[in-house]
Trainee: 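Dropping the structure in here first, questions after.
All of these numbers come straight from a predicted model, not from anything done at the bench.
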Amino acid sequence: MTTTPETLSALPHWETPPEDLSGAIREIKAALRARIEASGRSVEEVFAVVEEHVRTRVAEIRELRERGEAIWPVIDYADIAAGTVPAEQVEAARKRGCAVVRGHFERSQALLWDESIVHYVERNAFFENYRGPGDDFFGSVGSKPEIYPIYWSQAQMRARQSDRTARVQSFLNSFWKHESNGVRWFDPDRDALYPDRIRRRPEGADSAGLGTHSDPGTLDLWMTASYQRAFRHLFDGSVEQYDPWDAAHRTSAGQYPGSTMCSAFRTFQGWTALSDMAHDQGVLHTVPIPEAMAYLMLRPLLPDVPDDDMCGVTTNQVFPADHKWHSDLLDGLVGIPDVEAGDSVWWHCDMIHSVAPVADQRGWGNVMYIPAAPWCPRNEEYAASVREAFLTGSSPTDFPAEHYERDWEGRFTYDQLNETGRRGMGFTEG
């Protein structure tokens, strides 16, 4: 354990997972409670501010849902490209923390990419050599497989380095406050190329889905110095000043190691549809309240939670959201609208989300996971391992070491990178 000499000097912190998790949880919770109470407000008073805000937002969402009105903002790619997105749509996306981008790619292009992925995996005998899920979390969907541990196909790489993707990412990055106190926390117009997997769920499939969870980190969110600074307003009694769109200190923060970690800072998680998907066919759901992270961070400090418990959050597992501790939030869970191949779907990096179960699915459910991960110290550091994985056809270090593609024919190669791709991997500067 060490301490920081800066404004959060009173808080203990652990830059690597503490050996005694229970003891560290007790220590940090006591310190955080003391820090809040030093402001002249109790933990209960601070949490009540967040709770009231969340309940107001959830009531609004439920009312819209009952009236059958749209909750997810929908933005046309053409407006993003032309710089003509209506102000009310921008405000709606910031308020909800999520959006669907219609026509991100032409539907015909997305369908061709989907077909090319099939050819890529079949050409390289993927199904004959598939060894089963490489991680416990995505393995829970019951896929055979549903999540393909494939990273370097022509389709994925061409989508990642596309000018169209770069425009959408820059648009979404602009929602964030990326400069403060003389520090530029990230470059909103340069994204790190973050390689992720593919989901292909066939027509007629049964899928258990994924439970409600959040992905920004685990115990590191309370226990590391950078995150303590990032969430400073939650812990010093000034909760009204908390801004879920403030990137300060987050772009240098690290995550505790684990099979579900993300080394990169993502402003938005996202995927691009490779098939048409109806809203009731096992699709993504979110709690579209960006400020809900304040609820998740403060809830463990209330007296009804055991002193050695962070509402179920621990290392090497996803950040759970459940009715035992977070029922106020989960009442606001809502799914995406119908999407077509070529549309993309985006949600704030802290946002609670899930994938609904489905039985006898109608149509395919295929996506490429492509986030917005702007260039920053944290992402520049991870880019070194991305470059190595790309050049060798290996699985990126954030993911299970399955390495299916090392000897595959048709893998995307260095000479096929454009300038956006080279910059996104750090092969070139600026």
Trainee: Look only at the side chain of Asp308 and the backbone of Ser22, and say whether a donor-acceptor pair between them is shorter than 3.5 Å.
Mentor: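 Absent.
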Trainee: Looking at Arg184, I want to see if its CZ is surrounded by more than 12 non-hydrogen atoms of other residues, nucleotides or ligands under 6.0 Å.
Mentor: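 More than 12 within 6.0 Å, yes.
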Trainee: Under a 3.5 Å threshold, yes or no: a donor from one side chain and an acceptor from the other, between Gln416 and Gln154?
Mentor: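 Yes, Gln154 and Gln416 have a side-chain donor paired with an acceptor closer than 3.5 Å.
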Trainee: Do Tyr295 and His53 pass the side-chain contact (heavy atoms from CB on, under 4.5 Å) test, and can you show the C-alpha distance, the side-chain angles, and the key distance before you say yes or no?
Mentor: CA-CA 10 Å; Tyr295 189 111; His53 178 78; over 6 Å; no
Trainee: Could you tell me whether Arg102 and Asp76 have a side-chain N and a carboxylate O separated by less than 4.0 Å?
Mentor: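 Salt bridge flag = no for Asp76 with Arg102.
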Trainee: Which atoms form the tightest heavy-atom contact between Ser395 and Pro400, and what is the distance?
Mentor: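 Nearest pair, atom of Ser395 first, then Pro400: CB-O, 3.3 Å.
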Trainee: Yes or no on side chain to side chain donor-acceptor pair (under 3.5 Å) for Thr392 and Arg406, after CA distance, side-chain angles and deciding distance?
Mentor: CA-CA 6 Å; Thr392 60; Arg406 282 180 170 172; 4.9 Å; no
Trainee: side-chain contact (heavy atoms from CB on, under 4.5 Å), that's the test. Do Asp246 and His233 meet it? Break it down for me.
Mentor: CA-CA 11 Å; Asp246 184 358; His233 293 303; 5.6 Å; no
Trainee: When the ring planes of Phe126 and Trp408 are compared, do they come out parallel, tilted or perpendicular, using 30° and 60° as the limits?
Mentor: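 Correct class here is perpendicular.
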Trainee: To the nearest 0.5 Å, what is the distance between CH2 (Trp271) and CH2 (Trp347)?
Mentor: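 Going from the CH2 atom of Trp271 to the CH2 atom of Trp347 covers 7.5 Å.
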Trainee: Has the side chain of Asp191 got a donor or acceptor atom that lies under 3.5 Å from a matching backbone atom of Ala373?
Mentor: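 It does hold such a pair.
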Trainee: Show me the pairs that pass side chain to side chain donor-acceptor pair (under 3.5 Å) and involve residues 381-390, at least two apart or across chains.
Mentor: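 Sorted pair list: Ser385-Thr397.
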Trainee: Taking side chain as C-beta onward, heavy atoms only, is His178 less than 4.5 Å from Asn173?
Mentor: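 When only atoms from C-beta onward are counted, Asn173 and His178 do not touch, as no gap falls below 4.5 Å.
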Trainee: When you measure from the side chain of Ser174 to the backbone of Phe171, do you find a donor-acceptor pair of N or O atoms at a distance under 3.5 Å?
Mentor: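 Indeed, once roles are kept as given, a pair shorter than 3.5 Å links the two residues.
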Trainee: Give a yes-or-no answer on whether the side chains of Tyr120 and Glu405 include a donor-acceptor pair shorter than 3.5 Å.
Mentor: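 On atom types as modelled, these side chains qualify, holding a pair under 3.5 Å.
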Trainee: Just checking, any donor-acceptor pair under 3.5 angstrom between side chains of Ser263 and Arg378?
Mentor: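 No, no side-chain donor-acceptor contact under 3.5 Å.
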Trainee: Mind checking the CD1-CD spacing from Ile370 to Gln269? Nearest 0.5 Å is all I need.
Mentor: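 It is 13.5 Å, given to the nearest 0.5 Å.
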Trainee: Determine the sole option in Met297, Gln255, Gln228 for which the side-chain contact (heavy atoms from CB on, under 4.5 Å) test with Leu221 is passed.
Mentor: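 Only match with Leu221 under side-chain contact (heavy atoms from CB on, under 4.5 Å): Met297.
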Trainee: Please check: side-chain N/O of Ser354 versus main-chain N/O of Ala356, any donor-acceptor pairing under 3.5 Å?
Mentor: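 No; judged by distance alone, with no hydrogens or angles, the pair does not exist.
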Trainee: So, the side chain of Arg160 versus the backbone of Gly421: is there a donor-acceptor pair under 3.5 Å, distance only?
Mentor: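 Looks like no, no N/O pair under 3.5 Å.
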Trainee: For Asp407, does the CG atom have more than 12 heavy-atom neighbours from other residues, nucleotides or ligands under 6.0 Å away?
Mentor: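 No, because the 6.0 Å sphere around CG of Asp407 holds 12 heavy atoms or fewer from other groups.
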Trainee: Give a yes or no on whether the backbone of Pro306 and the side-chain of Lys29 come within a donor-acceptor separation of less than 3.5 Å.
Mentor: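 Side chain of Lys29 to backbone of Pro306, a donor-acceptor pair under 3.5 Å: yes, one is there.
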Trainee: Would you call the rings of Phe268 and Trp346 parallel, tilted or perpendicular, taking 30° and 60° as the class edges?
Mentor: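 Aromatic pair Phe268/Trp346 classed perpendicular.
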Trainee: Does His213 have its ring centroid less than 6.0 Å away from the ring centroid of His353?
Mentor: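 When the ring centroids of His213 and His353 are compared, they turn out to be within the sub-6.0 Å range.
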Trainee: For the pair Glu52 and Arg55, find out whether any cationic side-chain nitrogen is under 4.0 Å from an anionic carboxylate oxygen.
Mentor: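 Salt bridge flag = no for Arg55 with Glu52.
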Trainee: Which value, rounded to the nearest 0.5 Å, describes the distance between Arg164 atom CZ and Arg158 atom CZ?
Mentor: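 Rounded to the nearest 0.5 Å, the CZ-CZ separation comes to 15.5 Å.
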Trainee: If you take all heavy atoms of Cys262 and Tyr194, which pair is closest and at what distance?
Mentor: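 The answer is SG-OH, 3.6 Å.
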Trainee: For a 4.5 angstrom cut-off between non-hydrogen side-chain atoms, does Tyr369 reach Ile147?
Mentor: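 A side-chain contact under 4.5 Å exists here.
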Trainee: Taking Arg96 first and then Glu60, would you say they form a salt bridge - that is, a charged N and a carboxylate O separated by under 4.0 Å?
Mentor: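 Yes, charged N to carboxylate O under 4.0 Å.
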Trainee: Just wondering, do Leu296 and Ile352 contact through their side chains at under 4.5 Å, heavy atoms?
Mentor: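 Side chain of Ile352 against side chain of Leu296, heavy atoms only: contact under 4.5 Å found.
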Trainee: State, yes or no, whether a side-chain contact exists between Val287 and His326 at a heavy-atom distance under 4.5 Å.
Mentor: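 A side-chain contact under 4.5 Å is absent here.
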Trainee: Side-chain contact test, heavy atoms from C-beta onward, threshold under 4.5 Å: evaluate it for His348 versus Cys98 and give yes or no.
Mentor: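 No. Closest side-chain heavy atoms not under 4.5 Å.
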Trainee: Minimum heavy-atom separation for Thr315 and Pro17, please, with both atom names.
Mentor: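 Closest approach of Thr315 to Pro17, heavy atoms only: CG2-CB, 4.4 Å.
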Trainee: Identify whether the distance between the nearest side-chain nitrogen and carboxylate oxygen of Arg65 and Asp331 falls below 4.0 Å.
Mentor: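 No, Arg65 and Asp331 are not salt-bridged.
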Trainee: With no hydrogens and no angle check, is any side-chain donor or acceptor of Asp276 less than 3.5 Å from a backbone partner on Gly363?
Mentor: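 A pair under 3.5 Å: no.
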Trainee: Tell me whether the centres of the aromatic rings in Phe319 and Trp222 are closer together than 6.0 Å.
Mentor: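 Phe319 vs Trp222: aromatic centres under 6.0 Å.
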Trainee: Applying side-chain contact (heavy atoms from CB on, under 4.5 Å) to His13 and Thr224, what does each step give before you reach the verdict?
Mentor: CA-CA 5 Å; His13 66 89; Thr224 60; 5.6 Å; no
Trainee: So, the side chain of Asp309 versus the backbone of Val305: is there a donor-acceptor pair under 3.5 Å, distance only?
Mentor: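 Absent.
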Trainee: Measure the shortest side-chain to side-chain distance between Pro300 and Val313 over non-hydrogen atoms and say whether it is less than 4.5 angstrom.
Mentor: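 In short, these two side chains do not touch, never coming nearer than 4.5 Å.
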Trainee: May I ask you to test the Trp72-Leu284 pair for a side-chain heavy-atom distance under 4.5 Å?
Mentor: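 Trp72 vs Leu284: side chains touch.
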Trainee: Other residues, nucleotides and ligands only: do more than 12 of their heavy atoms fall within 6.0 Å of CG on Asn181?
Mentor: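 It does not: Asn181 CG has 12 such atoms or fewer within range.
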Trainee: Does Cys376 offer a backbone N or O that forms a donor-acceptor pair with the side chain of Asn379 under 3.5 Å?
Mentor: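 Checked: no pair found.
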Trainee: Evaluate the salt bridge (Lys or Arg N to Asp or Glu O under 4.0 Å) criterion for residues Asp307 and Arg26: first the C-alpha distance (whole Å), next the side-chain angles of each, then the deciding distance (0.1 Å), finally the verdict.
Mentor: CA-CA 5 Å; Asp307 283 342; Arg26 290 190 187 94; 5.9 Å; no
Trainee: Which one of Leu301, Val239, Leu298 satisfies the side-chain contact (heavy atoms from CB on, under 4.5 Å) criterion with Phe47?
Mentor: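 Only match with Phe47 under side-chain contact (heavy atoms from CB on, under 4.5 Å): Leu298.
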Trainee: For Thr267 and Phe186: C-alpha separation, side-chain torsions, deciding distance, then whether side-chain contact (heavy atoms from CB on, under 4.5 Å) applies.
Mentor: CA-CA 10 Å; Thr267 54; Phe186 67 77; 4.1 Å; yes
Trainee: One thing to verify: whether Glu402 and Arg131 come together as a salt bridge, which I'm taking to mean a side-chain N less than 4.0 angstrom from a carboxylate O.
Mentor: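 Glu402 and Arg131: not salt-bridged.
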Trainee: Examine distances only and state if a side-chain atom of His249 and a backbone atom of Arg232 form a donor-acceptor pair shorter than 3.5 Å.
Mentor: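 Absent.
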Trainee: Look up atom CE in Met157 and atom CG in Leu417, then write down how far apart they are to the nearest 0.5 Å.
Mentor: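 Met157 atom CE to Leu417 atom CG measures 5.0 Å (nearest 0.5 Å).
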Trainee: Output the distance between atom CH2 (Trp152) and atom OG (Ser394), rounded to the nearest 0.5 Å.
Mentor: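 The distance works out to 9.0 Å.
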Trainee: Testing the 3.5 Å rule here: is there a donor-acceptor pair between the side chains of Thr218 and Asp220?
Mentor: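 Yes, a side-chain donor-acceptor pair sits under 3.5 Å.
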Trainee: Can you tell whether the side chains of Asp350 and Arg250 come within less than 4.0 Å, N to carboxylate O?
Mentor: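 Yes.
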Trainee: What is the distance from atom CG of Leu330 to atom OG1 of Thr212, rounded to the nearest 0.5 Å?
Mentor: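 Those atoms lie 5.0 Å apart.
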Trainee: Which pair of heavy atoms, one from Trp245 and one from Pro290, lies closest together, and at what distance?
Mentor: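 Shortest heavy-atom contact: CZ2-CG, 4.1 Å.
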Trainee: Taking the side chain as every heavy atom from C-beta outward, state whether Trp14 and Leu219 have any atom pair closer than 4.5 Å.
Mentor: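 In short, these two side chains do not touch, never coming nearer than 4.5 Å.
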Trainee: Under 6.0 Å between ring centres, would you say that holds for Phe265 and Trp176?
Mentor: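 So the answer is yes for these two rings.
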Trainee: Tell me if the CD atom of Glu69 is crowded by more than 12 foreign heavy atoms within 6.0 Å.
Mentor: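 Yes.
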